[in-house]
Amino acid sequence: MPPLQLPPTASNTDAMTDLQSLTADLLRFRDERDWKQFHTLKDLIISLNLEAGELLELTQWKPEDQLQALKADAGFMEALGDECADVLLYLLLVANEAGIDLAEAARRKIGKNALKYPVAQARGSARKYNAPGDAGRSGADEGIGS
């Protein structure tokens, strides 16, 4: 069965336009500095992961209640926003370099996950679709919802 295709909506069309506009701004920023020469797919993927590590570092060794309290701290929220932005910007560069329409890829992935995790079986459960006891379902870890 093919993955569920979600129809375009005003919100995901706007998001696609926002991603395209943001990518254009980012490429302009990069090109003005002559940095494209350093942006190989491999190096962009490495950089994306390094930035994701910096995002992770913000939460390292902090219990959940402390993280919830930090949401009221302007300095923490600025750092969190900066690291989220770094991850997004490198992801946009990776997608651009690989020729991936990120909005479309995300919609396809949501459709695949909808098939793997039917609401009736997955609602309220954190169990992976191929966990022991899920007869007839298998597959590798494939991201959100996987």
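What you see is a predicted model; the values in this text were computed from it and never measured.
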Asks: Is the NZ or CZ atom of Arg127 both under 6.0 Å from the centre of the six-membered ring of Tyr129 and within 45° of that ring's axis?
Replies: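 The answer is no; the distance or angle limit is not met.
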
Asks: Taking NZ, NE, NH1 and NH2 as the nitrogens, is one of them in Asp31 or Arg28 under 4.0 Å from a carboxylate oxygen of the other?
Replies: no

Asks: If you take all heavy atoms of Glu57 and Lys62, which pair is closest and at what distance?
Replies: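 Smallest heavy-atom distance, with atoms named: O-NZ, 4.4 Å.
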
Asks: Do Asn113 and Lys109 make a side-chain contact, defined as non-hydrogen atoms from C-beta onward lying under 4.5 Å apart?
Replies: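 The answer is yes; the side chains approach within 4.5 Å.
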
Asks: Heavy-atom count around Glu78 CD within 6.0 Å, excluding the residue itself: above 12?
Replies: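 Count not over threshold, so no.
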
Asks: Checking side-chain polar atoms at under 3.5 Å, does Ser21 have a donor or acceptor matched by the opposite partner on Asp18?
Replies: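 Checked: Ser21/Asp18 side chains show no N/O donor-acceptor pair below 3.5 Å.
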
Asks: For the CG atom of Leu70 and the OG1 atom of Thr59, what is their distance to the nearest 0.5 Å?
Replies: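 Between atom CG of Leu70 and atom OG1 of Thr59 there are 10.5 Å.
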
Asks: Heavy-atom distance under 4.5 Å between the side chains of Glu64 and Leu67, does that happen here?
Replies: yes

Asks: Nearest 0.5 Å please: distance from the CG atom of Asp82 over to the CD atom of Glu51.
Replies: 10.0 Å

Asks: Answer yes or no: is there a side-chain heavy-atom contact under 4.5 Å between Leu27 and Leu93?
Replies: yes

Asks: If the threshold is 4.0 Å, N to carboxylate O, is there a salt bridge linking Glu97 and Lys36?
Replies: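 Yes.
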
Asks: Should the heavy atoms of other residues, nucleotides or ligands under 6.0 Å from CZ of Arg123 be counted, would the total exceed 12?
Replies: no

Asks: Supply the atom-to-atom distance Leu44 CG to Phe38 CZ, rounded to the nearest 0.5 angstrom.
Replies: 12.0 Å

Asks: Can you tell me how far apart CG (Leu19) and CG (Leu91) are? Round to the nearest 0.5 Å.
Replies: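 So the gap between those two atoms works out to 9.0 Å.
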
Asks: Rounded at 0.5 Å granularity, tell me how far CG in Leu26 sits from CG in Leu22.
Replies: 6.5 Å

Asks: In the structure I gave you, are the side-chain heavy atoms of Lys42 and Ile45 within less than 4.5 Å of one another anywhere?
Replies: no

Asks: Between Leu56 and Gln60, is any pair of side-chain heavy atoms under 4.5 Å apart?
Replies: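 Leu56 vs Gln60: side chains apart.
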
Asks: Could you tell me which non-hydrogen atom of Ala95 sits nearest to which non-hydrogen atom of Leu102, and how far apart they are?
Replies: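 Result for this residue pair: CB-CD1, 4.1 Å.
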
Asks: What's the separation between atom CG in Asp86 and atom CG in Leu48, rounded to the nearest 0.5 Å?
Replies: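 That separation rounds to 10.5 Å.
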
Asks: Is it the case that one hydrophobic cluster holds both Val87 and Ile100, taking links as side-chain heavy atoms less than 4.5 Å apart, direct or via other members?
Replies: no

Asks: Write down the atom of Arg33, the atom of Trp35, and the distance for their closest heavy-atom approach.
Replies: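 Result for this residue pair: O-CD1, 3.1 Å.
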
